[in-house]
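The structure appears right after this line, and notes come after that.
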Amino acid sequence: MADLRELMGRISEVKKAITENSENLKDRKAVYEMRKSYLEKNGSIGQLMRYMRDIDPTQKADFGKMVNELKSWAVDYFDSLDDDMKEKELNLRYESEKIDITMPSRHLQSGCLHPVTQIRNQLIDVFSGMGFTIYEGTEVENDYYNFTALNTPKDHPARDMQDTFYLSPEFLLRTQTSSGQIHVMESQKPPIKILSPGKVFRSDDDATHSPMFSQMEGLVVDRNITLGDLQGMLDVFVKRIYGSETRTRLRPSYFPFTEPSVEVDVSCFSCGGKGCNLCKHTGWIEVLGAGIVNRRVLENCGIDPDVYSGLAFGIGIERTAMLKYGINNIKQLFESDLRVLSQIKDR
Ligand code: PHE
C-alpha cells in the first residue's frame with residue numbers, strides 16, 4: 001500500500017523539477033517540448049495516476065485532487081512561461097530589426113538617358129505630334145537605295161560629298177537615312193509622313209565629325225506639298241528644341257535628291273542673333289539640309305510627280321545635341337565620360 005505522504009513528496013518533486021528545469025529554456029519551442037513531456041497523456045504527471053491502484057481507498061480522492069491541482073498548476077505555469085518567451089523573442093526581433101532613422105542616408109546616384117537619346121526622343125516627340133510615324137531602316141544598304149535611287153548614280157560628283165564605307169561593290173554602310181525614303185515610297189502610297197531615325201556612317205573624323213553618327217530623316221509626300229509646308233514644320237521643331245524665340249531661314253543649297261534644296265539656319269539661340277562665338281558672329285547657325293523631293297526620285301519609286309510632291313529633311317542628331325547643350329567636340333558624346341554626360345539631364 002502506498003503511503004499518501006510519500007506520494008505527496010513525489011508530487012512536489014515533479015513541481016520542483018519543472019521549476020528548476022525550466023530556468024534554462026531558450027525559446028518557445030523548448031517550452032513546448034517540456035510541456036509535452038509533463039502534460040501529454042503518458043507524460044510525467046499522467047504517470048503519477050498509476051499510483052492510484054496502490055492507495056488506500058479512503059485516500060484516493062485526496063490523491064486524485066492533488067494530482068489534478070498539480071496538472072492545472074503546470075498548465076498555468078507553462079502558459080505563462082510561453083507568454084514570457086514570446087515577449088522575449090519579440091524583443092529580440094525588435095532589437096535586431098531596429099532602424100536608426102537619424103543615420104545619414106547613402107548617396108543614391110540616379111542615371112539619365114544619353115544626350116543623343118534625349119535629343120532623338122525630343123525630335124520624335126515633336127514630329128509625332130505633327131502626325132509623323134517612325135520607319136527604321138537598316139544600317140547596311142545597297143548602292144541603289146543609298147545613292148542611285150536618290151538620283152546619285154555612279155560617277156555623280158555628289159557621291160564625293162559623303163565618303164563611303166563599302167562592304168563590297170554592291171553593299172555599303174548607309175551614309176544617310178535618306179535611303180529610308182526609297183524603301184518607304186516603294187512600299188507605301190501617298191499620303192506619306194514618316195520620320196526615320198538611325199545611325200549613318202562616313203569616313204570622316206574631326207572635332208565635329210565622327211565616322212558614325214545619327215540622323216533623323218523626315219519625308220512627307222502628298223498633293224500640293226510646298227516649301228511653305230517645310231518651313232512651317234521646321235519652325236515648330238526649332239521653337240520646341242531651341243526655344244520659342246528661335247527663327248528659321250532657308251538658304252539655297254544642293255542635294256541630288258531634292259530640287260530645290262535648302263540649308264536651314266536658325267537664329268542664334270545663344271546671342272539672339274547679335275553675333276557670338278557659337279554662331280561665328282553671323283547671328284545664324286546651320287542646323288539641317290532639306291528640300292522638295294526631286295521628281296526623278298518620285299519617279300524611281302513609282303509615284304507620279306505630276307500628281308504628288310514631297311518634302312524631305314535630314315537632321316543631324318549629334319549636331320543638334322552639341323548645339324543645344326554647348327558641347328564643342330563630338331567625341332565627348334561617344335566617350336562615355338560621366339563627368340560630361342551627367343550634366344545633361346533634359347528629359
Ligand atoms: N541626306 C542629306 C545629308 O545627309 C540631308 C538631307 C535629307 C537633305 C533630306 C535633303 C533632304 O546630308
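Both ligands and their constituent atoms are indexed starting at 1 by order of listing.
With a 4.5 Å cut-off on side-chain heavy atoms, F171 and Y166 do not count as touching.
With respect to the salt-bridge test (charged N to carboxylate O, under 4.0 angstrom), the residues K331 and D205 qualify. A salt bridge does not link D222 to K193: none of the charged side-chain nitrogens sits closer than 4.0 Å to a carboxylate oxygen.
Y145 does not carry R174 over the face of its six-membered ring by the limits of under 6.0 Å from the centre and within 45° of the normal.
You'll find the ring centres of F237 and F127 inside the 6.0 Å limit.
Following chains of ILVMFWY side-chain contacts shorter than 4.5 Å, one can reach Y77 starting from I45, so the two form part of one hydrophobic cluster.
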Give every pair formed by an N or O atom of ligand 1 and a protein N or O atom closer than 3.5 Å, one pair per line with both atom names and the distance to 0.1 Å, or write none.
| from | atom 1 | to | atom 2 | distance (Å) |
| --- | --- | --- | --- | --- |
| ligand 1 | 1 (N) | Q176 | OE1 | 2.9 |
| ligand 1 | 1 (N) | S178 | OG | 2.9 |
| ligand 1 | 4 (O) | R202 | NH2 | 2.8 |
| ligand 1 | 4 (O) | Q215 | NE2 | 2.9 |

